[in-house]
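As structure tokens, the structure follows; a few thoughts come after it.
Values below: all heavy atoms of this structure, side chains included; hydrogens, waters and symmetry mates excluded.
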Amino acid sequence: MSSLFLLFLLHITIAAAAQLRPDLYLPTCPNAESIVRDVMKKALIREPRSVASVMRLQFHDCFVNGCDASVLLDDTPTVPGEKQALSNINSLRSFEVIDEIKAALEKVCPGCVSCADIVIMAARDAVALTGGPDWKVKLGRLDSLSPWLEESNEIMPSPRSNASYLIDLFKKFNLSVEDLVALSGTHSIGQARCFSIMFRLYNQSGTGRPDPAIEPKYREKLNKLCPTNVDQNVTGDLDATPRVFDNQYFKDLVAGRGFLNSDQTLYTFTQTRSFVKLFSKDQSVFFKAVVNGMLKLGDLQSNQRGEIRRNCRVINKR
């Protein structure tokens, strides 16, 4: 592990989450959470996939130097943003939904609600609006003053990652094996690109053969969706009910129908398999675990200075 990665893990783990609390904006922007949810409802109607994309921003933001909205920053002529990171480019999307939320909040209570808190509220709403659990989020984060492109490339896992690697990675952020499996369950909604599974279909581990963990009929379906000559930006559903937040994702893993290698490996690996089986049988247990995991993910912070951006894509002018 590089010294740079260790340094940023230290920044995250020494930062206390004590200043975060529910209902922070009640005195200054009492309708903040309802405004966020209203925009998310409109986004869901307009393009159902968009809310899943917004939800994923929380993971890609919080794992890189804490939840500071650094992932939302656009490139500048001199500083490339995290949107160019290997795990983000041509993958993260629906930034315009965050823009829409921020604009609505700025009309009512300018300079009050941070972009980092918007990501946390919107991710919660993405789950709740698609049939999943609802919960109180803690608020009070500040927005970063710079992106962390190099750190993002260092930290964020690949769709090729196996469960052993993911367990070790999550442990560095004080996230348990149960947290890993539950948070992976957020793939209950949304889609991913053929780019992420071509190696699984045609050259798993350099064998020139498909991943034997893929159920044969499901593999036939994926071969049709993603032939060798496909535009690799074509997308496929992450589970059999991609617009409903439920435990179908885990049922699919048990059946060998996980879309991503990093998903299916949770069932093939002994240490994570018991949680996959549990969540596949009991949706209420999964819902409780995913709420706990999302709250712990939202507690990741750094000791860097911050601000409340007026525009989530750029730092405020000095």
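Taking OG from S114 and OH from Y25, the interatomic distance works out to 4.0 Å, rounded to the nearest 0.5 Å. The CD atom of Q248 sits 10.0 Å away from the OG atom of S280 when rounded to the nearest 0.5 Å. Here the NZ atom belonging to K296 is positioned 11.0 Å from the CZ atom belonging to F170, to the nearest 0.5 angstrom. Considering CG of D143 and CG of L72, their distance stands at 8.0 Å, rounded to 0.5 Å. Here the CD1-NZ distance, from I45 to K42, works out to 9.0 Å after rounding to the nearest 0.5 Å. In this structure, CG in N162 is found 10.0 Å from OG in S262, a value given to the nearest 0.5 Å.
Checking side-chain atoms of R49 against main-chain N and O of G190 turns up no donor-acceptor pair under 3.5 Å. With hydrogens and angles ignored, the 3.5 Å screen pairs no side-chain donor or acceptor of S205 with any backbone N or O of T207. A donor-acceptor pair is defined here as one N or O able to donate and one able to accept, closer than 3.5 Å; such a pair exists between the side chain of K102 and the backbone of V113. Remark: the backbone N or O of V234 is not paired with any side-chain donor or acceptor of R193 at under 3.5 angstrom. For N316 (side chain) and I308 (main-chain N/O), a donor-acceptor pair under 3.5 Å exists by modelled atom type. Not one N or O on the side chain of D263 forms a donor-acceptor pair closer than 3.5 Å with the backbone of S184. Checking side-chain atoms of Q191 against main-chain N and O of L238 turns up no donor-acceptor pair under 3.5 Å.
Legend: residues meeting salt bridge (Lys or Arg N to Asp or Glu O under 4.0 Å) with D125, ordered by chain and number and at least two apart, are R37. Evaluation of the side chain to side chain contact (heavy atoms under 4.5 Å, CB included) rule for K288 yields no partner, not counting sequence neighbours. The side chain to side chain donor-acceptor pair (under 3.5 Å) test applied to D168 returns no partner, not counting sequence neighbours. For the ring-ring contact (aromatic ring centres under 6.0 Å, His included) test, residues two or more places apart in sequence or in another chain that qualify with F286 are F245, F250, F279. In terms of the salt bridge (Lys or Arg N to Asp or Glu O under 4.0 Å) criterion, residue partners of R200 (sequence neighbours excluded) are, by chain and number, D211. For A126, the side chain to side chain contact (heavy atoms under 4.5 Å, CB included) partners at least two apart in sequence or on another chain are M40, V51, M55. Not counting sequence neighbours, the partners of D117 by the salt bridge (Lys or Arg N to Asp or Glu O under 4.0 Å) test are R141. Judged as a side chain to side chain contact (heavy atoms under 4.5 Å, CB included), and not counting sequence neighbours, the contacts of R257 are E215, Y218, D252, A255. A search for disulfide bond (SG atoms under 2.5 Å apart) contacts involving C109 returns C29, not counting sequence neighbours. The salt bridge (Lys or Arg N to Asp or Glu O under 4.0 Å) check on R46 picks up E100, with sequence neighbours excluded.
The one candidate from E82, H60, K83, R56 that meets the side-chain hydrogen bond (donor to acceptor under 3.5 Å, both in side chains) condition with N88 is H60. Test T241, L266, T186 against Y249 for side-chain contact (heavy atoms from CB on, under 4.5 Å) and you get one pass: L266.
In this structure the side chain of F59 reaches within 4.5 angstrom of the side chain of P157, judged on heavy atoms. Annotation: side chain of V71 is not in contact with side chain of V64 (no heavy-atom distance under 4.5 Å). The shortest distance between side-chain heavy atoms of L86 and M156 does not fall below 4.5 Å. Two residues are said to be in side-chain contact when any heavy atoms from C-beta on lie closer than 4.5 Å; V119 and C67 fail this criterion.
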Would you give me the side-chain donor-acceptor pairs under 3.5 Å for residues 90-98, sequence neighbours excluded?
{"residue": "R93", "atom": "NH1", "partner": "E47", "partner atom": "OE2", "Å": "3.4"}
{"residue": "R93", "atom": "NH1", "partner": "S53", "partner atom": "OG", "Å": "3.0"}
{"residue": "R93", "atom": "NH2", "partner": "E47", "partner atom": "OE2", "Å": "2.6"}

Would you tabulate the side-chain donor-acceptor contacts of residues 223-231 under 3.5 Å, counting partners in other chains and residues two or more places apart, or write 'none'?
{"residue": "N223", "atom": "ND2", "partner": "Y202", "partner atom": "OH", "Å": "3.3"}
{"residue": "D231", "atom": "OD1", "partner": "N233", "partner atom": "N", "Å": "3.0"}

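C62 and I120 make their closest contact through SG-CD1, 4.1 Å (heavy atoms, listed as atom of the first residue, atom of the second, distance). Closest non-hydrogen pair, P159 versus F199, comes out as O-CZ, 4.3 Å. Scanning all heavy atoms of the two residues, the minimum distance from D239 to P242 falls at OD1-N, 3.3 Å. Across all non-hydrogen atoms, the minimal contact from I167 to T272 is CD1-CG2, 3.9 Å. The heavy-atom pair separating C112 from E106 by the smallest distance is N-OE2, 4.4 Å.
Heavy atoms from other residues, nucleotides or ligands lying under 6.0 Å from CZ of R219 number more than 12. At most 12 non-hydrogen atoms from other residues, nucleotides or ligands lie less than 6.0 angstrom from CZ of F195.
In the hydrophobic clustering of ILVMFWY residues, with side-chain heavy atoms under 4.5 Å counting as a link, V285 and M294 come out together. Placement of L175 and V137 within a single hydrophobic cluster is found when ILVMFWY residues are connected by side-chain heavy-atom separations under 4.5 Å, directly or transitively. When hydrophobic clusters are built by joining Ile, Leu, Val, Met, Phe, Trp and Tyr residues whose side-chain heavy atoms come closer than 4.5 Å, directly or via intermediates, I315 is not grouped with V79. Note: the hydrophobic cluster containing L260 does not contain F63 (ILVMFWY, side chain heavy atoms under 4.5 Å, direct or indirect links). Under the 4.5 Å side-chain heavy-atom criterion for ILVMFWY residues, a single connected hydrophobic cluster contains both L180 and I155.
Side-chain atoms of R309 and S144 include a donor-acceptor pair closer than 3.5 Å. Side-chain contact annotation: Q304 with D68, donor-acceptor N/O pair under 3.5 Å absent.
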